[in-house]
Each structure stands twice: as C-alpha cells, then as structure tokens.
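Okay, so here's the structure we're looking at.
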Amino acid sequence: MSGKLDLDPALVRRARQLARRAGKPVVDLARSHTTVSVERAVLRLAGVTGADADGIPLVNRLVDAVVADVGLGHGVALPVVEAATREGVDDLTLLAQKAAAGSVRFEVPSGRAATAARRAARRAVGAGITRIDKRRAERDRLIKRHGDPDQRPWIYLIVATGDIYEDIPQAQAAAREGADIIAVIRSTGQSLLDYVPEGATREGFAGTYATQENFRLMRAALDESSRELGRYVRLTNYASGLCMPEIATLAGLERLDMMLNDSMYGILFRDINPIRTFVDQRFSRQIHARAGIIINTGEDNYLTTADAVEAAHTVTVSQLLNEYFAHEAGLADWQLGLGHAFEINPDLPESFRLELAHALLARELFPHAPLKWMPPTKHMTGDVFRGNLLDGFFNLAGTMTGQGILLVGMMTEAVVTPWLSDRDIALQNVRYVLNAAGGLHEDFVPAPGGFIQRRANHVLGEAVDLLERIVDDTLLNAIADGTFGITKRPADRGKGLDGVARHEAGYYNPATEILEGEQ
Amino acid sequence: MSGKLDLDPALVRRARQLARRAGKPVVDLARSHTTVSVERAVLRLAGVTGADADGIPLVNRLVDAVVADVGLGHGVALPVVEAATREGVDDLTLLAQKAAAGSVRFEVPSGRAATAARRAARRAVGAGITRIDKRRAERDRLIKRHGDPDQRPWIYLIVATGDIYEDIPQAQAAAREGADIIAVIRSTGQSLLDYVPEGATREGFAGTYATQENFRLMRAALDESSRELGRYVRLTNYASGLCMPEIATLAGLERLDMMLNDSMYGILFRDINPIRTFVDQRFSRQIHARAGIIINTGEDNYLTTADAVEAAHTVTVSQLLNEYFAHEAGLADWQLGLGHAFEINPDLPESFRLELAHALLARELFPHAPLKWMPPTKHMTGDVFRGNLLDGFFNLAGTMTGQGILLVGMMTEAVVTPWLSDRDIALQNVRYVLNAAGGLHEDFVPAPGGFIQRRANHVLGEAVDLLERIVDDTLLNAIADGTFGITKRPADRGKGLDGVARHEAGYYNPATEILEGEQ
Amino acid sequence: MSTVIRPYGDTTGDGMVQLSFTLPVPCDKRAEGAALQLAGKMGLDPAMVVHAKQMGEGFTFFVVYGRVNHLVDLSEVVVAERDFPLLSPHEVNALVKRRLRRELVVVGACIGTDAHTVGIDAILNVKGIAGEKGLEYYRELRVVNLGSQVAVPDLVEAARAEKADAVLVSQVVTQRDAHLHNTREMSAAFREAVPADRRPLLVVGGPRFDELMAAELGVNRIFGRGTTPREVASYLVHALITQKAKAA
Amino acid sequence: MSTVIRPYGDTTGDGMVQLSFTLPVPCDKRAEGAALQLAGKMGLDPAMVVHAKQMGEGFTFFVVYGRVNHLVDLSEVVVAERDFPLLSPHEVNALVKRRLRRELVVVGACIGTDAHTVGIDAILNVKGIAGEKGLEYYRELRVVNLGSQVAVPDLVEAARAEKADAVLVSQVVTQRDAHLHNTREMSAAFREAVPADRRPLLVVGGPRFDELMAAELGVNRIFGRGTTPREVASYLVHALITQKAKAA
Ligand code: B12
Ligand code: B12
Ligand SMILES: Cc1ncc(COP(=O)(O)O)c(C=O)c1O
Ligand SMILES: Cc1ncc(COP(=O)(O)O)c(C=O)c1O
C-alpha cells in the first residue's frame, strides 16, 4: 500500500519535524497546568463514584470543596488524601459526601504528611489504573477468543436515539448486520456540561449521554453480540468536551475500545478554551494509551465548515499535530485513528479522484495508523437516492486507499439521525462495495506524474508551508486566526478557562506520575 | 485504452478466423434465401406506403398477392413492376391497392420483359435508397451543426410509456437532462407481428409500437431538442422481430440513428425461426450500413437467462459472430455497438473486478467499435436504494473501461418501466460518476498477471474453444443445443419459417444489388 | 407482541415513513405546498419536504419524510397464507402415485405477448431455483412447457390434448394491467371451452400479482414473487388430491 | 394548467408514488399484509410490496409502489409566499439610511445546545452563500453574531444591550423537536423580558422548520432550507421599515 504517490521522504520528514516544533510549546503548557476535569479524573481513578441528590457527581463536589479551600494549583490528590487520613475516612467517596455537606476542611500537606499523602494517593489511584489494566487484558482475551473482523476497513456505525434502551437493540442489530464498531453519539448538550451525568439515561437530543452506566450497559450488550457473532464488536464514545479526562477514564474502566479524542475539536466546534482543551487532551490521551484504546481524531469536521479542496492541507497539518501529541502522550501508532473525510463537492470535476488523492496521502503519510475515513455529510441533501450513491463511492474510496476504520454514511444524513433501516441500507452498501471491489486497490495505480500524484504532492507542499507559518507564529495564534475549519478561537476566550490552573510548587498528580513513569 | 489485458494477438486473430468460419455457412444461407419481410422492404423502398381499411399495410397485401400467384422465390420486384407496366399503373401504391382488391394477376417476367422490369425496379428502389442517402447526409449536416456529445460514453435512455404522445415530452425532458440517445422501446407484442403497424399509436404494452409515423414524430421532436441543446440527440429503435428488414428500411427513411439489431436475439428471445432471422438480418444490416446507422447487438440478453460468469465467453463468441456478420453486410467498425452487460451476481466476491475484466476484454477485442454497455437488470430487486447504488457501479465500470454507449440503468428496473423521476435520478447518477471519476481509467492498471488479466484471458480462451466446437458442429446446431442464453432453438422450428423461400433461378432484388454493388 | 403497531424510524411508535413522488408542476413554494397537501392526505403529520427538484419544464420530484398517523392492526391483516402442507418431492411423488395412480399432468406457458420465461422455467425446468429442482424433476409429474408468447386458444387446445390436470401460466409484464387482462382472458376461455368437472386447475404466477385476487381473476391460485417449485408442487397435490378427497 | 393534479409516474393522472418504511415485525406474509394495510390506509390502491427485508430479529423494511387515490388541489395550497419585495443590497441600504436614519441592528445566534453555525453564518457573515453576501456586507446593518450554543437569557441580554432591531436565531437539530422547544423558550423569554413596543423582531431559521408555524412559535417569521441573505435583508426592511410606515 506504500509508494503509490511517490512522496518525497525528505519533505515528509520535514513535515514531522515542523509538527513537533509547532506542538512542543503546547505540550509544555499542558505539562505545567491542570484542570478541574483532570483532577476529577484522578479522583475517579481513586475510586470516588456516585452523585449527590441533585445528580451532581461527588467528584465535582469534592474538587469544588478542595478548590474553595486551597485552590486547584496543587492538585486535589494530596489535600484529599490528607483530609481522609485526618478525618479517619478510608473510603474517598464517603469523604466526598462529607465534603459536599461542608463538613471537611482541606489543606495542602507538607513535610512528612505530604510524603505519606503522596504514597497513599498513589496507592489509591494505582488501584484505578490497575482496573484499567485489567480491562485491557480482558479486551485482549476477548479479541483472542472471538476474533477481529475479517476485513479492513473495520465498519463503524453510530446509534443516536438519545435513549440507551433504544440504542442497545439497534446497536445489536447493526452488529449482526456487519458493524465491527458501534459508536454511541452524545446528546448535543453534553460537551459543555462540566460534569459527567450519572446512571442510565433516556433523554438525549440527537445522541445519548455518555455516562459510566451507559458505557457499562452497552459494553455488556456488545459482549453478548460478540459471543453470538464470533467477532469482537468494539464500542466507541467521545472523550471530548469539558469532561474529556474523566470520560477517558470511564472509558478505560468500562473497557470501551475507541474514543473520539481530538486535540482541537473542542476548541473549534464547541468553543472550549484552547488551554483547557490542551491540558485535558494530554491527560486523556495518557489514559487512552494505558487503556489500549484507539483514539479517533476530528479532522473531518474541518471540512464541514471549510472547503474540502481549499482546506485539504489543514487536515494534513492537523493529522501531523495529532500524531505528535499522541506519541508524546504515549499512544502507539496502532492507536491513532487519524480522521479525514470524503467532503469534496461532488459536482466538482474529478472530485472522486481528488478524494482518492487526499485519502491516499493520509494513508502514505501514516502507514501504520488505522485511519478513520468519514463519509460525506456536508454535500448530502434530502435526495436520499443520490445520498446512497455518494456513500457507495465513499466506501469505494475507502477500500481503494486502504483506510482502517470506515464510518458508515447514511442516506438520510441531511434529514434525521439514522433510522434502523438507514443503517441497514448503509451496511448493505458497504458490504456490496467491500465484497465486489475489495481487491481493486491492486489495480489502482495512480498514473505517474498524473492528476492524483500531483494533487497529493501539492497538498503535502501546502501543509509544510502552513506548518512553517505555524512554527513562526505559534499554534495558539494560528487557532486564533481561523486556520482550522475557518473558525477563530483566541486563547483567552471560550468555555472552561476558569477550570484551568497553573501548577503550584509541589503539584502532585499520582495518575500522571504512574502513566508517565511507565511509558 | 489498449493493452491493459496483455491479450495474445495470435489468439485474438484465431478467434476472428473461427468466427468467420462459423458464420460463413449462415451467410451463404442468407444469400440464397429471401423472406416476405425482405420483399416488403424492397417494396417500401420502391415507394409503396399506407394500409388498407383493416390496418394491414399495402406492402403486405401486395406481397401476399404476388406469393399467391407466383410464390416468393423469384422476389416480388419483377412480378410487381411487370404487373404495373402491364396495368399501366405508375404508382406502385396504387397497384398494391388494386392487388389488395384482387384485380391484379402476377407473373414472373422473362426475356426482354424481365430486362425492362429489372431496370424499372432498380430505378424505383433506387429512389428509396437515394432518400436514405439524403437522410444520412442530413444527419451528417445536423451533427456538424449541433455537435456530438462532449463525453464518451454516450448516454442512452429509454422511454416506454406505450403512447407516442407521452413518450415525446419524456424524451425531450431526458435529452434536456443529458441523454445523448433516446430509445423508444416497443410494445411486447410487436416482434411477432408479421407487419409493421401504421400511423401514430397510443396503445402499447411496456413499449410503443415502431411505426414510420412514430419514428417521424419522435425524430422531429428530437431535432427540436438538438437545436435547443446544441447537441445532436440520437434516436434509436428496434430492427428485430418478424419485420426486421422493413423496420430497418423505415429507420433509414426517417433518419433514425441507431437500431437494436442482433443476429440471434429474435431466435433466442422471440422464438423466431433461425433461417428467417439470418436472412432478414443480412438485409437489414445492409440497409443500416447504407443509412449510416449504428447497430446495437443483444449479447446482454444472454446474461438474463444464463449466468454472467459461466456464460461470459458466449457473449464474446456472439460479439465475434456479430462482428463478422456486420462486416460481411457492409457495416464499418464505428457502426458496431456490440452489446455486453453488467449482470454478474453482485453478491459474488470480486464481482466488480469480474465486470471490469469482461468489459475490458470486449473493449480490447473491438477497439474501434462503440460498445454498448448494458446495466444490471437480472439482479435488480425492489430495493430501489440498492438498485441506484448498483447502477452507479455499472456507470463506473463503463467509464473505467471506455465503453462507447452507456444504457442508463433505472433503480426501478425490477418494478416498472421507467418513471420520469427514475430517469432523472438515473441521469444524475451517470453525471456524478462521469464527472467525478471520468479520468479514473488513467489510474486503472490491472495488476500484471493479476485477477483481472487472468480472468479476461480465461474468458477469451473459453470463447476460442467454443468457437472451435461451433465450427465443427455448425452454428445452427449450436443454437439448437442452447449454446446461447441456455435457450434451445432448432433450425426447423420457431415463428416465421413459412415466410422464407429459397431463391429461384432469376431471383432479383434490386435493393441487394444496389447495396452490394456499392459496398 | 401487541397487535397494533406503527412504522418505526428510530424509536418505538414514532410512525416515521419515507415517501417520494412527482407532481406535474414546476418547482416553487406552491409546489412544495402541494406536496405537503398530498402528504397530509396520506396521513403524514408532521411532514417534511426534504428534497424538491424540478425535472424538465413542468414536473417536480419530491422526497418527503414524516410521521404517519395510521395504526396497523395485525389482527386484521388478510394474507394468502399457505393453507396446505409443504411437501418434499418424495412426498409429492408418493401421494400422486398412491392416490392418483397415474401421472399428474402440468401444462405451463407464458401467455399473451409476454416472453419472460425465466419465472415459469424456474418453476418447471429441472434446474429450478433457489436450490430447489423444478417440477420436471418430480417423477410422477408430467410437465409440458409451451414456452413464451402462447395465444390463449393454443393453450386451451394444448391443455385439452395433454389432458392437463393443472395449467400454470406466468405473467411478468404488468404495464397497463396486461397481466390482469391476460389472466381474465385465459380463465374465461377455459370456462367457455371446458365443462367445470373436466376443467384443469388454473394457476397463475408472476412477481407483481396480488395473491388475494384469485377469485376475482377466475383462477384457483396465484403465486407471487419468490415462489419456489416445492410450494407449487405441494399446492397441486393439495388441490388435486388431498382436498378433493376430503370434499368427496 | 388544471388546479387539480395527481402524482405522475409515467403517464398523466396515474397517481403513482413510492413509499418505504419499517414495521416492528419479522418478515413473513403477515408482515407483507401489514405493509399493504398501511399502504391502503395511506390511500394506495393498488399497492405493491416490491421489497421486504428483515432487519435484526423483529423488524422488516418495506418498499412499496402504488397508485394513490388522493387529488391535490392547487387552489387550496397554503404557502408562506414571499409577501415582500426582494431588494438588492443597495436598495436595502438606501431604505435604512433614508427611512430609519440610523444603523439597523441585528443580533444572531444558535441557541440551546445547537452548535450548527454554518447556516446562520451563511446569512450573517460577509462570505454569505450561493453567491450572495451575508448581512455584514450591508453597510447600513450592524451585525452581532453571538455564535453557537447561546443560552436564551444571554441572548435576551445581548439583544437589549445592543438595542437589537431584530434577533435572528438558528436551529438545526430537530430530534425530539428540539428546535420547536428552543424557539418557544426564546420567544417566551423575549415576551417576558421586553415590553411589546421595544421587543425586537424575532426571526428563526433552519432546514427543518415549517414556515407556516411562526405564529404558533411566537416569532415574526421563519425561514427554511435554502434561504439566502437577500431574502432576509429584504424581509427585515419590509417588517421594520416599510410595513411599519404603512401601519403608522
Ligand atoms: C430477464 C428479463 C427479460 C429477458 C427475458 C428472457 C426470458 N427468456 O425470460 C428479456 C431481455 C428478453 C426481456 C425483454 C423484455 N422485458 Co424484461 N425483464 C427481465 C428482468 C430483468 C428479469 C425477469 C426475471 O427473469 N426474473 C427472475 C424470475 C425467476 O423471477 P419472476 O419472473 O418473478 O418469477 C418468480 C415468481 O414471480 C414466480 N412466478 C413467475 N411466473 C410464475 C408462474 C407460475 C405458474 C408460478 C406458480 C409462479 C411464477 O416464480 C418465479 C420464481 O420465484 C426484469 C426486471 C427484474 N429485475 O425483475 C425485466 C422486466 C420484467 N422486463 C420488462 C420489459 C418491459 C421487457 C420488454 C417488454 C422491453 C421491451 N419493450 O423491449 C422486453 C420484451 C419482453 C416481452 N415480450 O415480454 C419490464 C416489465 C415492466 C412491467 N412491470 O410491466 C421489467 C420489470 C423491466 C422494467 N422495469 O422495465 N426481459
Ligand atoms: C456541518 C454539520 C455539523 C458540524 C457543524 C459545524 C458548524 N460550525 O456549524 C459538526 C461536525 C460540528 C456537527 C456536529 C453535530 N451534528 Co451536525 N451536521 C452538519 C451537517 C453535515 C451540515 C449542516 C450545514 O452546515 N448545512 C449547511 C447550511 C448552510 O444549511 P442550513 O443549516 O440548513 O442553513 C440554511 C437554512 O436552513 C437557513 N437558516 C439556517 N439557520 C438560519 C437562521 C436564520 C435566522 C435564517 C434567516 C435562516 C437560517 O439559511 C441557511 C442558508 O441557506 C448536517 C447534515 C446535512 N447535510 O444537513 C448535520 C446534522 C445537522 N448534524 C446533526 C447532528 C445530530 C450533530 C451532532 C449533534 C452529532 C453528535 N451527537 O455528535 C453534533 C453536535 C452538534 C451540536 N451540538 O449541535 C444532525 C441533526 C439531526 C436532526 N435533524 O436533529 C444532522 C442533520 C446530521 C444527521 N443526519 O445526523 N454537525
Ligand atoms: C473528535 C470529535 N470529538 C467529539 C465529537 C462529538 O461532539 P461532542 O463532543 O459535542 O459530543 C466529534 C463529532 O463528531 C468529533 O469528531
Ligand atoms: C438486440 C435486441 N433486439 C430487440 C430487442 C427488443 O425486443 P422486441 O424485438 O421484442 O421489441 C432487444 C431487447 O432489448 C434487443 O436487445
């Protein structure tokens, strides 16, 4: 699958170097800051669960109480463990309840107390991480037992009823019809909630809330399907929005297999503060690395607001940045579901060959990553007959260019969140294309110096130019200027900035310590 | 477009030689026989028009009268012209009316009378052929003025309401939406009528009767569309069934541009007697050759009764036979719309690559012929969403393999004759594929020694084997044995045999003389 | 399972359906209003016109999605359920041999101008369909397949000459109700030409028949799309042997 | 042209339509009967089930073709026709300048949890859509685009602070009627917070609105799929300037 584009290896190397240089300052930022959600994730790892009578999770109550007393900059691990020792409470959830009732005072331990607290905190959080490790081993076992899908790309389908109890049978039906991966998309509002809802939910808009219980229910249902089908069916959710680190943690704890997790999606498409995002990002990726979760990045989204031809190189740049951030956080290549999409205006002459050029460029730049190939959305219309055709060509481009994860397009894209029958029609489409033309990539040889090679090399050149400008100007400024998805997001604006703190001296995060210690 | 399959030129040459040897006896048969329809065609060229009160064309009445008096084996030209001279009737239509009334007696002239009759007959028929020549020149002029389609393949659409007055606006709408060729398909019953109906008709079943007046009306409507669109829109009908020679003649007289015209279709799918068919075939092809009409052969039909993979080589054999018969009748390569079809079971693994192999084989065997590429029909179901997808892949195979004439598939193939909206959706499909992937053939390079090359060479090998068997056994026996379309048609059975006669000594056909004289 | 159901989009009871059609008007707001009026009359509420495209000068194609009000009552569904046991070829042969004590004669044809023989061949020829052999394969049946485009008088004549127990007729072309006309013509001809007690069983089939119309068309049974030879053989035995025995 | 029309398949008056839906029953003859029952209730007669496919354990997808009985009476079609003249940017600017004698202030937002800004941006941003520039391009309009996921109280506050003449709200997500709930919440908030005579013109838009529901939702106007900025600008001038003048 390599070498069809005749890319210049020196240019490819240069692109990677530039991405590292552009990303490094942001990593430094992430290493020197924490957020409320990172700290709540730490508490979840340490075993704090449940919510108060209003449905506010106890991790939120506990972090809020710590912040009220000593601020966020020291991390919550030490103050919490110190208070637990002081109060003689073994169970941190109990401590959280007390804190919620206002009956605990927090302080930052020092000296001998600090050392003891460090040890205790590390033990508590370590237990959580061990649970994640067990879940990963369990996944490995189940994959061994049931097997992986027979074909590449893996077939990825969404369910989106808003009601976990409608989602489950639909997901199982989809698996039976051939889905290898089920994604439960989230209710429109969730990304801006600064807490993770609790329990099974039935009330989402255009998606179902991501909760630990919903994760558990769906994973159990798909374990059942995996047994039935003799093929391990993967489950995906979204580690994005204000609670990205916690959701990543819950995903690790409930053995989710893939998570949407992008370095810039929240900034651009949810107007979340850039610093908040980059800090949350790094932590969540470290968790994903540990949990053996494949991440899916969100470059496809840029092409819904920007033009897919004009902005093709911004996708490449973002993929290179996502790759750098991912490696830095400990993710291996096989975990990088870098995103891209079939979003060129279908009325453009040679649009399909342009799609092939772009898709192949990503394939050859990231030969070991299971690229996530997203279907047409922007140019889908209410003409569902045309829509199904376009999806067929999307599927074809996917197999001709060796994509890793095929997000199945729906003929009703412009109309409704998918119906049961849409999914069935879509899967039939995928099956036809993969079965009938699955070997066509062998006969697909872009003419030397021809349209496809020229286009791919041109996009790579543009990407390198843009990366050079970003290195000069900083990534944060580039984001502020609307470089990605023609959406301008200044570093001092956006939601969730008040939940960010610079590390104080003595900041301690046992999770980071464990995760980085064992990279 | 040549050389993608690495075909062995010696084997290709051998295939052509075998086809000539297999076809030759049938040509000899055709040269030594005539049919009622050939003779009626001669009379039409000589200017006999109109029908009696019961709607029976006067050419039928006249031929019947001649046959009653002197039999068919001398041809009707001499007896008719002799009678006209004897009766002092200048206008042969008038003579026909008299003959219908039973008031003319026919004889075969001999000696001086014969020579005079010959000359007069040749003059009368020559006038008809001159009209055809004028129509051809007119076509050339109009193509020059309005231009040919911008792209290959040309886009071919059918109309089929049964009512010429509904057909016309639908055809014009289709032309406006991009059709380059309009075919008016015929009522189910017409092929077995041993006369050509007269006048404009509104009563067909699943098609509209082919009549001279319907030809004229539709050609005039499309001339209007050609002017409007700045592109010459071609018109197609069917020179098949019991009246093939006459319909070919009417097509020449009314400037139709293409005709369905196959050497074996009527035998296999209408149970018309083989001898009748081969005799009628040869005459009709001579007319088509003269009229500058492109013929479309019917190999696609075999794949509706036989399996498209198992019987792939029978398509190749039939194409080679059709080519031989066509050349023998004076048709040039550019007039050979040899048929083949996308009819492989779509559930078969690699079905699309098999289609590409077969389509490319035809393309490379007949590099100068405007191949007619037929859409899926047999494996179309009531699932119209899937149907439109399949049609998209059919269109793609068409452009990837450089087909000449693309018969546009309809998503409702398994349901109804096409609706107005089906045609629109289908054309949108074609436009998308040709526009988005029109250049993809450049990047389509069957892997050397790979699946596609192997398959194509295998089919060619099977075709040569089958041709060898046919040469040994005779084509008529092969047809009797169900070689084509697994349909058995013995030479002494089928409709229309009673309308065939072996030439008597002195048989004279001025049309053949003119057409052959000037090959 | 409840006996009253509704269409299902993505939630139980949501009643969602998809609809497309053409109206003979140019595309504008009035046309969309007309499309909504039609959808409303069909019981869609709310209805959304999600696609409207003009075709030619005076036509517009619409795609409409919406919630349909109607309930479907399963207890009121009328179907031509198979009211006879499905037999194996072996059982069919055994019954014919034992009870009829002679070959059962079947005459088949595509009548009228219809030349679509694949369907009737699938039922009659040894090759069969969907893995099942056709009636020719049944040792105790004698099959006479007249082929395509058979005129009704010729069919009646052949049935009489062969002493057919059953006549199997296929009709695939349905434009302008060709299949209904031809079937009526055929059954009338048999009624006229053959006294009731010697009239063969009349069976028609084809992909677009409504299986409930047998009585209306004057035939004994209709088989629709996806019919298999075994169903037909079983029916013949049922109608000509088992049921007759019961009636007697 | 007649005012009474019917759907058109391939012949005037044939009434043919295509329909697809899922029923929560396994695929069998009863299911097909149920599909026909539904088609019948929708007015299809005859109706043909041309495709039936089981999905999962308890669902079947159907494609149905048939002739619909209903007539469409064009004279009874109700549409939200444009009842104001379509102006050029130049004319809009001139009217605002001459008649309003100050900038016309427009505040726009995606409210609720909706983050689909492409539609409202197409109307507001200079870039515009379909070759037309957005409202920012109009010299005499001042546009404040609050972006996505704006809470209703924040919108009301912004409208008050900016002294908005018009508030433009976009809603794209429609699952569980989110767009309707959010619009109602928004109009109620304005009714509550701002006295009628100072209340800005309330305009909502999005691809799945029914343009006839304005009164029901408590807004002045609804714009549906394919709206262009010029239409919106023309409407604003009409509602805020031309019509007001007439009323006074
Ligand atoms: C193959 C085919 C042909 C072949 C036929 C070859 C042959 N020897 O049969 C050829 C190429 C010759 C052909 C020609 C034409 N065809 Co055609 N053809 C088809 C096609 C593609 C498949 C039909 C088929 O073979 N189905 C497979 C068989 C196994 O299924 P079946 O017929 O439904 O049979 C099953 C059941 O219905 C049942 N059954 C059927 N008959 C009987 C009888 C009995 C007694 C019983 C018990 C059961 C039974 O059992 C069978 C097995 O399960 C269809 C489109 C489609 N995909 O359906 C068009 C189609 C049927 N053809 C059509 C038309 C219009 C024509 C033409 C008239 C076009 C023209 N004007 O030139 C011609 C002329 C034919 C004529 N005079 O009848 C139309 C009919 C439209 C309509 N609804 O009226 C169709 C639907 C295509 C279209 N959309 O336009 N055709
Ligand atoms: C682009 C897009 C996105 C982008 C949005 C980027 C952005 N900054 O806007 C991204 C990728 C972020 C996205 C995310 C999601 N999306 Co989205 N998305 C789309 C998509 C592909 C195109 C929408 C679009 O941009 N249309 C182009 C514009 C120009 O058209 P328009 O919005 O109709 O606007 C025109 C008119 O309606 C009108 N108009 C619109 N607003 C207004 C306002 C006024 C005042 C006026 C006068 C006129 C007006 O004028 C405009 C110009 O003509 C559609 C599918 C589709 N093809 O339609 C799905 C779609 C809208 N999304 C959908 C969903 C469910 C989501 C998610 C909720 C999925 C999830 N759970 O993760 C998320 C979350 C979003 C959220 N919180 O709201 C669904 C909504 C289903 C429904 N009917 O309820 C759709 C239909 C896809 C689907 N079938 O599932 N999405
Ligand atoms: C990378 C990424 N994260 C998250 C989401 C989902 O959005 P939200 O976080 O609002 O649920 C998407 C959208 O598909 C995405 O691509
Ligand atoms: C070569 C050929 N001739 C004729 C026909 C049409 O049949 P008929 O002659 O019955 O009109 C076809 C069918 O498509 C065909 O392929």
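Below, chains carry the letters A, B, ... as their sequence lines are ordered, and counting in each starts from 1.
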After noting the C-alpha distance and the side-chain angles of Val49(D) and Arg225(C), does the key distance pass the side chain to side chain contact (heavy atoms under 4.5 Å, CB included) rule? CA-CA 10 Å; Val49(D) 171; Arg225(C) 76 180 200 296; 4.2 Å; yes
Kindly determine whether Arg230(D) and Tyr138(D) satisfy side chain to side chain contact (heavy atoms under 4.5 Å, CB included), including the steps that lead there. CA-CA 10 Å; Arg230(D) 222 177 119 195; Tyr138(D) 290 67; 3.7 Å; yes
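With a 4.5 angstrom heavy-atom cutoff, Glu76(D) touches chain C via backbone and side-chain atoms both. Looking at Val50(D), both its backbone and its side chain come within 4.5 Å of chain C, counting heavy atoms on both sides. Using a 4.5 Å cut-off between heavy atoms, Phe59(D) contacts chain C through its side chain alone, with no backbone atom that close. Of the atoms belonging to Val79(D), it is side-chain heavy atoms, and not backbone ones, that fall under 4.5 Å from chain C. Both the backbone and the side chain of Ala52(D) come within less than 4.5 Å of a heavy atom of chain C. Heavy atoms of Leu44(D) lying under 4.5 Å from chain C belong exclusively to its side chain. Heavy atoms of Val68(C) lying under 4.5 Å from chain D belong exclusively to its side chain. Both the backbone and the side chain of Asp73(D) come within less than 4.5 Å of a heavy atom of chain C.
Classification of Arg221(D) and Asp83(D) as a salt-bridged pair holds, one side-chain N sitting under 4.0 Å from a carboxylate O.
The structure places CG of Leu201(D) at 4.0 Å from CG of Asn220(D), a figure rounded to the nearest 0.5 Å. One distance of note links CG of Leu202(D) with CG of Leu168(D); it measures 9.5 Å at 0.5 Å rounding.
Of the residues considered (Ser20(D), Gly9(D), Pro7(D)), Ser20(D) shows the highest number of contacts with chain C, using heavy-atom pairs under 4.5 Å. Counting heavy-atom pairs closer than 4.5 Å to chain D, the top residue among Asp10(C), Leu19(C), Asp210(C), Val64(C) is Leu19(C). Residue with the most contacts toward chain C among Glu32(D), Met16(D), Arg82(D): Glu32(D) (heavy-atom pairs, distance under 4.5 Å). Counting heavy-atom pairs under 4.5 Å between each of Leu212(C), Val17(C), Asp14(C), Thr11(C) and chain D puts Val17(C) at the top. No other option in Lys41(D), Met48(D), Arg208(D) has as many heavy-atom pairs under 4.5 Å with chain C as Lys41(D). Contact count against chain D (heavy-atom pairs under 4.5 Å) is highest for Ala34(C) among Gly224(C), Ala34(C), Gly43(C), Pro46(C).
Heavy-atom minimum distance, Ser234(D) versus Leu87(D): OG-N, 2.9 Å.
Side-chain atoms of Thr242(C) come within 3.5 Å of backbone atoms of Val237(C) as a donor-acceptor pair (strictly under, hydrogens ignored).
Between Phe223(C) and Phe84(C), the ring planes are perpendicular. Angles over 60° get that label, and only those under 30° would be called parallel.
Counted by atom type alone, Asp114(C) and Ser148(C) present zero donor-acceptor pairs between their side chains at under 3.5 Å.
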